[in-house]
Amino acid sequence: MNSTEYLHSKDRVLDFSDCKYLGEIHELIKKELELPQFYGCNLDALWDAVTGIMYVPANIKIIFKPKTAASMKLTEEVEKIILVFQEAEEEYKQIKLTVEK
């Protein structure tokens, strides 16, 4: 994908900083990526959504600056979610990912 194609891509911001539960993170993903109600709210479903359901090309920015002890406990899960997006970016070239921590 060249830089011109990214100009026509959809910008998405996934800010997990205030999330206290894993379910909140997946609800945010579902809402911001405009995923269908049947989105399964797990890593396998995320991979399927990112590589086959969501609008592409897409510029996705993930922000995770935990604001509470509860959100800090989600760090490992957020890292797994970031990895899914990174792998999709590398494999499918339809996503441009930035991460802000």
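Scope of the values below: all heavy atoms of this structure, side chains included, with no hydrogens, waters or symmetry mates.
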Is it true that the NZ or CZ of Lys30 lies under 6.0 Å from the centre of Tyr39's six-membered ring and within 45 degrees of the ring axis?
-> no
In Å and rounded to the nearest 0.5 Å, what is the CZ to CD distance from Arg12 to Glu34?
-> 4.0 Å
With side chains defined as the heavy atoms from C-beta onward, is the minimum distance between Glu27 and Tyr21 less than 4.5 Å?
-> no
State yes or no: do Leu43 and Leu28 share one hydrophobic cluster built from I, L, V, M, F, W and Y residues joined by side-chain heavy-atom distances below 4.5 Å, directly or via other members?
-> yes
Using a 4.5 Å cut-off on heavy atoms from C-beta on, say whether the side chain of Glu32 contacts that of Val13.
-> no
List the steps and the verdict of side chain to side chain contact (heavy atoms under 4.5 Å, CB included) for Ile25 and Ile81.
-> CA-CA 9 Å; Ile25 289 175; Ile81 288 167; 3.5 Å; yes
Could you walk me through whether Glu90 and Phe85 pass the side chain to side chain contact (heavy atoms under 4.5 Å, CB included) test, one step at a time?
-> CA-CA 9 Å; Glu90 187 176 305; Phe85 280 101; over 6 Å; no
Atom pair NZ/OG1 of Lys73 and Thr68 - distance to nearest 0.5 Å = 9.5 Å
Side chains of Asp15 and Phe64 in contact at under 4.5 Å (non-hydrogen atoms) | no
Applying salt bridge (Lys or Arg N to Asp or Glu O under 4.0 Å), run through Glu89 and Lys96 and close with a yes or a no.
-> CA-CA 6 Å; Glu89 176 185 37; Lys96 183 176 180 185; over 6 Å; no
Verify, without hydrogens or angle tests, whether Asp48 (side chain) and Leu46 (backbone) share a donor-acceptor contact under 3.5 angstrom.
-> no
In short, Cys19 meets Ser71 closest at the heavy-atom pair O-CB, 2.9 Å
Gap between atom CD1 of Ile60 and atom CG of Asp11 - 0.5 Å precision | 10.0 Å
Atom OG in Ser17, atom CD in Glu100: separation rounded to 0.5 Å?
-> 8.0 Å
Hey, are the side chains of Leu35 and Ile53 touching, using non-hydrogen atoms and a 4.5 Å cut-off?
-> yes
Between CD on residue Glu87 and OG1 on residue Thr51, distance to nearest 0.5 Å | 11.0 Å
Derivation and outcome, side chain to side chain contact (heavy atoms under 4.5 Å, CB included), residues Lys61 and Leu14 = CA-CA 6 Å; Lys61 181 177 189 175; Leu14 302 172; over 6 Å; no
Mind running side chain to side chain contact (heavy atoms under 4.5 Å, CB included) on Leu74 and Phe16 for me, showing each step along the way?
-> CA-CA 9 Å; Leu74 294 171; Phe16 304 137; over 6 Å; no
Examine Leu33 and Tyr92 and state if one hydrophobic cluster contains both, with Ile, Leu, Val, Met, Phe, Trp and Tyr joined whenever side-chain heavy atoms are less than 4.5 Å apart.
-> yes
If you round to the nearest 0.5 Å, how far is NE2 of His26 from CD of Glu24?
-> 12.0 Å
For Ile82 and Leu97 the tightest heavy-atom approach is O-CD2, 4.2 Å
Check whether any side-chain heavy atom of Pro57 lies under 4.5 Å from a side-chain heavy atom of Lys93, and answer yes or no.
-> no
